[in-house]
J.: 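Dropping a structure here in structure tokens format, bear with me for questions.
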Amino acid sequence: MTHASPELAPSRARGRVRHQGEVDRVPALRPRRCDYCAQPLGDVAKARHARFCSADCRKAWWTVARNRGAQLYQLLMIWRLNRGRKATRGAGMIGRISSMIDSWVRSDRFGGGE
């Protein structure tokens with residue numbers, strides 16, 4: 001049995017070929033609060049999978065996620081290619097990734113969560 005790469009794996013929801021830019025549904029950071037600004041969703045929360053209070057917050061979140069994701073992808077690839085061995089570019093990479101995420105949590109609009 002052969003496995004399709006994640007970029008070309010059939011989407012379970014629609015039975016079609018997934019494109020490289022598509023992502024699986026991600027869970028909300030906080031129930032009934034906007035993932036970008038952390039404001040209560042109010043009436044928007046009636047939608048089953050609502051994650052954002054407005055189109056502006058949704059667009060801003062995806063811009064941040066795309067940029068941060070690209071950074072993480074590059075660092076994880078460096079780590080994976082070198083397995084974090086000493087005297088390689090991968091040395092200390094997991095610690096660097098963790099520090100980067102910690103700084104994002106501190107700098108996010110919602111002040112690092114509730």
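Note that the coordinates shown come from a computational prediction; the quantities given were computed from them, not determined experimentally. Counting begins at 1 with the first residue of the sequence.
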J.: Would you say the side-chain atoms of Asp35 pair up with the backbone N or O of Leu29, donor to acceptor, closer than 3.5 Å?
T.: yes
J.: Working to the nearest 0.5 angstrom, can you tell me the gap between Arg96 CZ and Ser99 OG?
T.: 9.5 Å
J.: Is any side-chain heavy atom of Val64 closer than 4.5 Å to a side-chain heavy atom of Tyr36?
T.: yes
J.: Search all heavy atoms of Cys53 against all heavy atoms of Cys34 and return the closest pair with its distance.
T.: N-SG, 3.5 Å
J.: Is a side-chain donor or acceptor of Thr63 paired with a backbone partner of Lys59 at a separation under 3.5 angstrom?
T.: yes
J.: For Arg33 and Pro40, which heavy atoms make the closest approach, and how far apart are they?
T.: NH1-CD, 3.4 Å
J.: Can you tell me which residue pairs pass the side-chain hydrogen bond (donor to acceptor under 3.5 Å, both in side chains) test with a partner in residues 69-84, sequence neighbours excluded?
T.: none
J.: Please name the pair of heavy atoms, one in Leu72 and one in Met100, separated by the smallest distance, quoted to 0.1 Å.
T.: CD2-SD, 4.4 Å
J.: Within a radius of less than 6.0 Å around CE of Met77, do more than 12 heavy atoms belonging to other residues, nucleotides or ligands occur?
T.: no
J.: A quick test of your reading: do over 12 heavy atoms of other residues, nucleotides or ligands sit less than 6.0 Å from CZ of Arg68?
T.: yes
J.: Starting at SG of Cys37, measure out to CH2 of Trp61 and round the result to the nearest 0.5 Å.
T.: 13.5 Å
J.: For the atom pair OG (Ser103) and CG (Asp108), what is the distance rounded to the nearest 0.5 Å?
T.: 9.0 Å
